[in-house]
Amino acid sequence: MNKDIPCCQADAVRKTRMVSVNGIQTGITMLDEIVTEVKELNLSSDQQIKENLLRRVKVYNYIPKPVEEAYLTSIFTIYQKGSQE
């Protein structure tokens, strides 16, 4: 994923995708790149997919512990759709 790492804050903002988390529009940086990367792993179980998605999203985004599950639900929905909304 090194080639996709933002070079600066402005580049990171350009790689931010708005998604609904608990009904609130929330920006998640690098989400499209992360979804692509996890899809390329060809993981067989939803649990493995979710763990990988959340771990990678947390590298670029702060996710408070009390809302991790809500974030994961939204992120996994994006993953399942497989294309940009």
Side-chain angles (χ1 to χ4, degrees):
M1 192 166 176
N2 288 341
K3 65 181 175 11
D4 296 323
I5 294 174
C7 65
C8 59
Q9 289 177 343
D11 191 35
V13 169
R14 284 189 290 276
K15 295 180 183 236
T16 298
R17 179 165 178 189
M18 298 302 290
V19 298
S20 178
V21 177
N22 277 346
I24 299 169
Q25 287 297 307
T26 305
I28 301 180
T29 300
M30 301 293 291
L31 181 57
D32 292 326
E33 291 80 1
I34 291 167
V35 166
T36 299
E37 187 175 284
V38 173
K39 281 187 176 289
E40 290 173 355
L41 296 174
N42 293 318
L43 300 171
S44 57
S45 77
D46 286 353
Q47 187 60 35
Q48 288 177 316
I49 293 166
K50 289 177 179 181
E51 287 171 2
N52 271 276
L53 286 169
L54 188 60
R55 186 179 75 245
R56 293 163 194 264
V57 166
K58 285 174 130 182
V59 169
Y60 299 101
N61 303 270
Y62 170 70
I63 301 176
K65 191 78 170 156
V67 292
E68 268 186 12
E69 195 60 39
Y71 269 80
L72 187 53
T73 298
S74 297
I75 292 164
F76 189 62
T77 299
I78 300 288
Y79 176 88
Q80 289 177 312
K81 288 180 181 178
S83 61
Q84 293 198 0
E85 295 176 336

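Just so you know, residue 1 is the first one in the sequence shown, and it goes up from there.
Taking every heavy atom of both residues into account, S20 and Q25 meet most closely at CB-NE2, 3.6 Å. The shortest heavy-atom contact between E68 and L54 is OE1-CD2, 3.9 Å. Closest non-hydrogen pair, T29 versus I34, comes out as O-CD1, 4.3 Å. For S74 against V21, the heavy-atom pair with the smallest separation is OG-CA, 3.7 Å. Considering every non-hydrogen atom in both N61 and G27, the closest pair reads OD1-O, 4.1 Å. Scanning all heavy atoms of the two residues, the minimum distance from Y71 to Y62 falls at OH-O, 4.4 Å.
Atom-to-atom distance recorded for I28:CD1 and L53:CG is 10.0 Å, nearest 0.5 angstrom. Distance check, rounded to the nearest 0.5 Å: CD of Q80 to CG of D46 gives 6.5 Å. The CE atom of M18 lies 11.5 Å from the CG atom of L31; values are rounded to the nearest 0.5 Å. Atoms CG and OG1, on L72 and T77 in that order, are 9.0 Å from each other to the nearest 0.5 Å.
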inquiry  = For a side chain to side chain contact (heavy atoms under 4.5 Å, CB included) check, start with the C-alpha distance between R17 and I78, then their side-chain angles and the critical distance, and finish with the verdict.
reply    = CA-CA 11 Å; R17 179 165 178 189; I78 300 288; 3.3 Å; yes
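At distances below 3.5 Å, at least one donor-acceptor pair connects side-chain atoms of K39 with backbone N or O atoms of Y79.
Linking Ile, Leu, Val, Met, Phe, Trp and Tyr whenever their side-chain heavy atoms come within less than 4.5 Å leaves I24 and I63 in two separate clusters.
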